[in-house]
Protein chains: 2
Amino acid sequence: MRTDERMDERKKQVLAAIVQDYILTGEPVGSRTITRRYNLGVSAATIRNEMADLEEMGLLEQPYTSAGRVPSDYGYRYYVDCLMAPERLTREEVEYVYQRYNQKMLEIEQVLEETARLVSEMTAYTAVAMGPNQDHAVLEQVQIVPVQATNKALLVAITSTGIVEHRIFTISDNITPEDLARISQVLNTNLQGIALEAMQRAVLKDIYREITEHRSLVKLITDLLQQILVLEGNEKVYLDGIINILSQPEFKDWDKVKEILAFFEREDSLRRIFNASPGGGLAIRIGQENKEEGIDKCSVVTISYAVEGKIIGKVGLLGPTRMHYPRVISVLQCVADSLSRSLQQFYR
Amino acid sequence: MRTDERMDERKKQVLAAIVQDYILTGEPVGSRTITRRYNLGVSAATIRNEMADLEEMGLLEQPYTSAGRVPSDYGYRYYVDCLMAPERLTREEVEYVYQRYNQKMLEIEQVLEETARLVSEMTAYTAVAMGPNQDHAVLEQVQIVPVQATNKALLVAITSTGIVEHRIFTISDNITPEDLARISQVLNTNLQGIALEAMQRAVLKDIYREITEHRSLVKLITDLLQQILVLEGNEKVYLDGIINILSQPEFKDWDKVKEILAFFEREDSLRRIFNASPGGGLAIRIGQENKEEGIDKCSVVTISYAVEGKIIGKVGLLGPTRMHYPRVISVLQCVADSLSRSLQQFYR
DNA sequence: TCTTAGCACTCTGGTCTAAAGAGTGCTAAA
DNA sequence: TTTAGCACTCTTTAGACCAGAGTGCTAAGA
C-alpha cells in the first residue's frame, strides 16, 4: 500500500486508537476522546491534525462536518493488516470450546451445527459452518437395500469426507434382492476410491461390462449418486445467530436488515462468499471487498478446517465492518482447530 | 358465545367491515371510513353507536381515546367463526400449487421444504411445515452396513412414515460382516411393524433369545434406533419466510421482532404450538390464545396432512393477528391437500 | 518546523410548542 | 331509532430552539 510511506508511528497509534474506540462504542471518535482515553502524550489539536491527514489518505471518514471520525473500509483493512494486536482467548474460553467438542457427537452434521452455534455464541455475530466440499472427495461405499414388501429400494452412499446420503427410489417388479446385492457389489468394486466428479464417464463402461442386464437401473443409480452427493450433499450450510445481526446498531435500518436476511436465504451467495478467498487459513473481507449484493456494509471472516492436512471446508461469520476483529480471529482459530480434530474421527 | 344474543345483523356487518378494513390497511378504522367504503345505508353517527356497543362487548378496542377502532382478539375470533366469507383461490393459483408438487421430488424432506416455501410465498407470512409425527409409526426396515476397511458400520432405518435415518457407529474388531448381517436379519424379523415407542421393552428379550453373542452391540444398535427415530427424526421443523415477519408494520418494534425470532429458534416451542390443537383439520389460534411466550401478538393457523386417512403431520403459518384469514385458510387447505397426495408415493 | 491553546463555526439530537387532522361522544332534533 | 352538529381529545408533523460535541484555522510558543 502506498500509504505506508506517509504512515509514521504516531499516525498508526491514532488510527489504531480510533478503530479500537469505534469498534467498542459505535460512536464517531473525536480528538478529545482520544487524548482522554488513550495516552498518546500530545494534545487534542495535534490529534486533529493527524486525523485530517488520515482522512486525506482515505483511512478515516466523517459522517458529517464536525462530527468525530469513523474508520473507512481501508482504515479497517490497514488496522487488520498492520496494527491489530492479536487477542488471546482466556484459559476458560479455550477450555469451554474443548468441552463443547467433547460432547458425544456422532454425525458430521451435528458437529457442524454445533460449530455454528458455538461461534455465534462466542462472538455475538452470525455464524456459518459449511459442510465438506465434495469436489475432491471419493466414494467410499455404496449400498442398495431393497425395502421389503414394496417396489422400492434405498440407496445409501458414504464418501471419504464422512458424509452419508440416502435416497429412496422405485424399482420395477422383475428386480430381485439378489440383483440389487449384485449391483451393490459391482458398484463398490468399481467406484470405491473414484472421485465423485469422475464417476460418470469412463467407469460406467467397466460396470456395464460386468453387468449385462438391468442397465437402465444401473444408469438410474449412478445418476442418483451424482445427484445426492455432488448436487445436494456438497457444502451444506449451517447458520446460527441470525438474530445477532439485529443487535448491531448499524443495522437499525429496516431495509438493511431485510437485505441481509435475503442474502442469508440465498445459499449459493453464501457459498460464493465463503469460497471467494481460494487459499486456506484465515480470510477477512471488509465492506465493499465483498462483491455479493446486500452485504457491502458487512465484514466476512472465514477460516478453513482440515483433516489430515487437507482443507475440506470452511467456518466463519458475518457482522458489521465495525467488527471486533482480534477476538473474532482468535475464536475462529480456536474453533477451526478443535473442529478439525473433532472431525478426524469420521475419517480413517 | 353469549355475545350472540346482542349481535344483530347490522352489528355483524359493522364488525365485518372493521375487521376487513383493518386487515387491509393496518390503520384504526373510523366511522366515516366505514360509511365511505362500505355501503351500509346508515350514517357515520349510527356506525359510531354500533362501534361503542361492539367495544362494550369486547370485540373492538381503541388504541387511544378518539382514534378509530381496532378488532380485539375476540373480535377476530368472532369474525373467523361467524362472519368470514371463504375466499376461493383462482384457477391459476390452484394450478400453480399442483405444478409445484408435480416436480420430481424424491424425498419427504424435500417435499416438506418445498411446502414451507410455497406457503410462505403465497401468503407472505412465515410458514412452517412439520415432518411426520413418529409416535404411532412402526419400523419398516433396518439394515446395518459395515463400512469397508474401517471399524465402523452404518445403521439405516426406514419407518412406515417414509422417514429414513442413518447413523455411523464404531464396532469392535471381532465383529464380522456376517455378524452384522445376522443382526440385521434378526432385528428385521423382530422389529418390523413394531411401534417405535414400544421397541425397547418386550421385544428386546425375543431378540436376545435369538442372538446369544454380541449382546452389547445389539443393545447399542437398538439404543441408536431409538435415538435417531424417536428423538431426532420426529417432527422435523421446516421454516420459510422469516423475513416476511419484518414486512408487517405491527412488528416494526425491535424487541418484538427479537422475541419472535427467539421463538423460532426454540423448535420445541414451535412443536408445542403446532400440536396445541389436538384434532385434525384446520386450527386457528388468535393472539393470547397462543400460550407460548413471545407470540401473543400473533396468530397461528395450522392444518393437518394425512396419508391413507391417517393424520401424520401439520403445516401452518404464523403472522400478526391482523391476518388475511380467508386467504390463508384457502391456501393451507389447497396445499395440505396437494401435500397429502404427494406424500402418498412414499407410503405403501 | 512542529506543537498547542484559543476561538468561531457547524452539525446533530433532544425538547418544546403549535397547528392540523382524524375521530369520538353527546345532545337535540327529525 | 336515526342523524346532524359540535365541542373535545389525542396523535402526528413541522418548526424553533438550545445544548453538546467536535472541527478547522490562526497565531503564538518550543
Side-chain angles (χ1 to χ4, degrees), chain A residues 6-15 17-22 24-72 75 249-250 252-253, chain B residues 6-15 17-19 21-22 24-72 75 249-250 252-254:
Chain A
R6 288 187 280 162
M7 285 296 277
D8 57 33
E9 200 47 45
R10 196 171 60 196
K11 279 197 176 49
K12 290 184 184 175
Q13 288 183 342
V14 172
L15 179 57
I18 291 176
V19 173
Q20 279 162 29
D21 204 77
Y22 187 63
L24 217 65
T25 64
E27 310 262 289
V29 188
S31 52
R32 272 295 312 283
T33 316
I34 292 186
T35 52
R36 237 185 302 121
R37 282 207 263 257
Y38 304 81
N39 194 10
L40 301 190
V42 289
S43 76
T46 310
I47 302 287
R48 276 205 288 283
N49 290 331
E50 297 288 29
M51 283 161 89
D53 290 351
L54 289 168
E55 184 171 358
E56 173 106 7
M57 294 159 75
L59 298 169
L60 294 181
E61 280 167 359
Q62 234 175 342
Y64 52 88
T65 328
S66 75
R69 297 307 205 295
V70 161
S72 70
E250 31 265 281
K252 271 217 156 167
D253 183 5
Chain B
R6 288 187 279 160
M7 286 295 277
D8 57 33
E9 199 48 42
R10 196 172 59 198
K11 279 198 176 50
K12 291 183 185 175
Q13 288 183 341
V14 172
L15 179 58
I18 291 176
V19 173
D21 204 78
Y22 187 62
L24 218 65
T25 65
E27 311 262 287
V29 187
S31 52
R32 272 295 311 283
T33 315
I34 292 186
T35 52
R36 238 185 300 121
R37 281 208 263 257
Y38 305 81
N39 193 8
L40 300 190
V42 289
S43 76
T46 310
I47 302 289
R48 276 205 287 283
N49 290 330
E50 297 289 28
M51 283 161 89
D53 290 354
L54 288 167
E55 183 171 359
E56 173 106 6
M57 293 158 77
L59 298 169
L60 294 181
E61 279 168 358
Q62 236 176 340
Y64 51 88
T65 327
S66 74
R69 297 306 206 294
V70 161
S72 70
E250 30 265 280
K252 273 219 155 168
D253 183 6
W254 228 233

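Each chain gets a letter, A, B and so on, in the order the sequences are listed, and its residues count up from 1.
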Under 3.5 Å donor-acceptor, B:S72 side chain and B:G58 backbone: yes
In this structure, how many angstroms lie between the C1' atom of C:dC11 and the CD atom of A:E27, rounded? 15 Å
How is B:A45 classified with respect to the nucleic acid when contacts are heavy atoms under 4.0 Å: base, sugar-phosphate, or nothing? base
Separation of atom CD in A:E50 from atom C1' in D:dC25, rounded to whole Å: 17 Å
Run the numbers on B:T46 and B:R10 for side chain to side chain contact (heavy atoms under 4.5 Å, CB included), then give the verdict. CA-CA 10 Å; B:T46 310; B:R10 196 172 59 198; 3.6 Å; yes
Rounded interatomic separation in angstrom, taking CD from B:E55 and C1' from C:dG25: 12 Å
Could you write out each protein N or O paired with an N or O of nucleotides 6-12 of chain D at a distance under 3.5 Å?
from	atom 1	to	atom 2	distance (Å)
D:dT9	O2	B:S66	OG	2.5

Would you please confirm or rule out a distance under 4.0 Å between OP1 or OP2 of C:dT24 and any side-chain N or O of B:R69? yes
Non-neighbouring partners of A:S66 that pass side-chain contact (heavy atoms from CB on, under 4.5 Å), sequence neighbours left out: none
Using atom CD1 of B:I47 as one end and atom C1' of D:dT2 as the other, report the distance to the nearest whole Å. 11 Å
Side chain of A:N49 only, please: which of D:dT23, C:dT24, C:dT4 is the nearest? C:dT4
Does OP1 or OP2 of D:dT23 have a side-chain N or O of A:S31 closer than 4.0 Å? yes
A:M51/A:I18 under side chain to side chain contact (heavy atoms under 4.5 Å, CB included): CA gap, chis, key distance, verdict: CA-CA 9 Å; A:M51 283 161 89; A:I18 291 176; 3.8 Å; yes
Any side-chain N or O of B:R10 below 4.0 angstrom from OP1/OP2 of D:dT2? yes
Please check: side-chain N/O of B:Q62 versus main-chain N/O of B:A67, any donor-acceptor pairing under 3.5 Å? yes
What integer distance in Å separates A:M51:CE from D:dG22:C1'? 9 Å
Could you tell me whether the side chain of A:V42 reaches within less than 4.5 Å of the side chain of A:E50, counting heavy atoms only? no
With a 4.0 Å cutoff (strictly under), does any side-chain N or O of A:S43 reach OP1 or OP2 of C:dT3? no
Interatomic distance, CD1@A:I47 vs CG@A:L54, rounded to 0.5 Å, equals 10.0 Å
Separation of C:dG25 P from B:D53 CG (nearest whole Å): 10 Å
Rounded to the Å, how far apart are B:K11 NZ and D:dT2 C1'? 13 Å
Separation of C:dG23 P from B:E61 CD (nearest whole Å): 18 Å
